[in-house]
Protein chains: 2
Amino acid sequence: MPKIGMEPLRKRALIDAAIRAIGDRGSLDVTVAQIAQEAGVSAALAHHYFGGKEQLFLATMRHLLTELGQDLRSALHQATTPAARVAAVIAVNFSASQFAPQTVAAWLTFYIHAQQSEETRRLLRVYARRLHSNLAHALCQLTDRASAVAIAEGAGALIDGLYIRHALRNGAPDAVAAIALVEDYVATKLACGRKA
Amino acid sequence: MPKIGMEPLRKRALIDAAIRAIGDRGSLDVTVAQIAQEAGVSAALAHHYFGGKEQLFLATMRHLLTELGQDLRSALHQATTPAARVAAVIAVNFSASQFAPQTVAAWLTFYIHAQQSEETRRLLRVYARRLHSNLAHALCQLTDRASAVAIAEGAGALIDGLYIRHALRNGAPDAVAAIALVEDYVATKLACGRKA
DNA sequence: TTTTATTGATTGAGCAGTCAATCAAGAATA
DNA sequence: TATTCTTGATTGACTGCTCAATCAATAAAA
C-alpha cells in the first residue's frame, strides 16, 4: 500500500484547518476548498475522508468539545477543594486554548448552526449539560442543592454571555476580567444568596 | 399598478419578511427570493428598493435596533424610581416583542454577521453601549459609580447569555425566569456587593 | 407623456459533490 | 533481485445547482 495511515493525520489537519478558516472568516460560509487549501490538500480529499461539508463541521465541533472536556478533566483533577473545583470549571472556559479568538468565533458559528442542525443542537446540549452539572456538583458542597442549581444556571449564562461579547471585541479578549466577573458572581451569591 | 408611495410600505414589508425568514431558518443564508416571496413581491423589487442583500440586512438590523430603542424609551418613561428603571431596562430585553423566537434568532445571526461586516459591528456596539449606559445610569443612583458600572457590565453579559441560551431551547423561552435571574443578580450585588 | 412600480427572464459567479485516472509503497511471485 | 500485482492516497476536471444582481418590458398613475 501507499503511505499507509494517512487518514488520521489528514483528518486532524483538516479539522485544525476548519477551525482556523471558520475562526478567520467568522462564519460557516467557508468553502471546502478553502479549508482544504489551508490544510494543504485538495478539496476532493476532504470529501473523501469526511463524506461532506456538514460532516466535516460536525467532526470539527466534536473535536472542540473533546478538547474542552479534556481541559476540564485535567483542571478538575488537580483541584482538591470544592471552591477550587468551581474556580477550575470557570477558568477552563476562558483558558488560552478555549478563548483563542478563532476558537471563540468557531463556537459562536456553531451556536447559530444549531438552529438548522439537530445533531449540532445535540452536541451543544452535551456541552451545556456538562458545564451545568460540573458547576452544580461542586457548588452542592458549598450550599444547598436548590441554590447550587440556581447559581450554576446563572454562572453558565454569564459565561456564554461573556463569550459572545468577547467574540465581538476588537481588542484582545480579557480572560482575567471575565473569570473575575464570574467568580465574583458565584462568590457573591454564595455569601449573600438567601432565596433566588 | 403603481399606486404612488409604495416605497415605504414595500420596504417595511420586506424588512418584516426578512426578520421572519431569518428567524425561521435561523441563518442569514436566506435568499432574497425567499424574503421577497414572504413579503409577496418579486426578488427584483427587493433589489430595486434596497440595492442589495447586504443593505436589506442592515436596514433590518436598524429596524430591530430602533424598535428596541422605542420599547426602552417607553418603558423608562413610566418608571419613576431608580429601581424601577433598572427593572424596566432588564424587562424590555425580554419583552414579548424582543423575545419572540424569530427576533432572538435574528439578533443571533447578526452577532455572527458582525464578524464580517464593520457596519454590523458598529450597530451592535450601539446597542451594547446603550444598554450599558442605561443600566449604569440608573444604578448610579443606587450605589457608587464604580459598582454601578461593574454591575451593569455583569448584567449586560448575563442578558446576552440568557438570550443565546434561549435561542437554542426547544421549548418556549421563559422570559419570566430570565428577568428574575438578572434582577436577582442586580439585587444581590446591590445588597452585598462590597468590592468586585 | 413622463414617472413610478413591478416583474419574468437572464446572466455570471461560486460552490458542493462526483469521478476517472494517477501515484507510490508494500506484498507476492518468479 | 527484478517484476508484476494490489490498494490506499490524491488530484484535476467536470457536473449540476443555487443565487445575487441586472435588464428590458409592462402597467398604472400623474
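Just so it is clear: chains get the letters A, B, ... in the order the sequence lines come, proteins before strands, and each one is counted from 1.
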Rounding to a whole Å, what distance do you find between B:L45:CG and D:dC23:P?
-> 17 Å
How long is the line joining CD of B:E7 and P of C:dT6, in whole Å?
-> 10 Å
B:S147 and B:D144: side-chain donor and acceptor closer than 3.5 Å?
-> yes
A:F50 atom CZ is separated from C:dT18 atom C1', nearest whole Å, by 18 Å
Distances under 3.5 Å between nitrogen or oxygen atoms of protein and nucleotides 9-12 of chain C:
none

B:H113-B:E54 side chain donor-acceptor pair, cut-off 3.5 Å | yes
With a non-hydrogen cut-off below 4.0 angstrom, is A:T31 in contact with a base, only sugar-phosphate, or nothing?
-> sugar-phosphate
Is the shortest heavy-atom distance from the side chain of A:R85 to the side chain of A:H137 under 4.5 Å?
-> yes
Give the rounded distance in Å between these two atoms: NE2 of A:H48 and P of D:dG12.
-> 15 Å
Heavy atoms, side chains only, cut-off 4.5 Å: are B:S97 and B:T103 in contact?
-> no
Could you tell me whether B:F50 and B:F57 have their ring centroids closer than 6.0 angstrom?
-> no
How about B:N93 and B:Y163: does a side-chain donor come under 3.5 Å of a side-chain acceptor?
-> no
Rounded distance in Å - CD (B:Q37) to C1' (D:dC19) | 15 Å
With heavy atoms under 4.0 Å as the rule, sort B:Y49 into base, sugar-phosphate or nothing.
-> sugar-phosphate
When the distance from CG of B:L14 to C1' of D:dA20 is rounded to whole Å, what number comes out?
-> 15 Å
Between atom CD1 in A:I35 and atom P in C:dC15, what is the gap in whole Å?
-> 12 Å
Cationic N near anionic O, under 4.0 Å, A:D24 to A:R20 | no
B:K11 atom NZ is separated from C:dA5 atom P, nearest whole Å, by 11 Å
Side chain of B:H47 - closest among C:dA5, D:dA20, C:dG17 | D:dA20
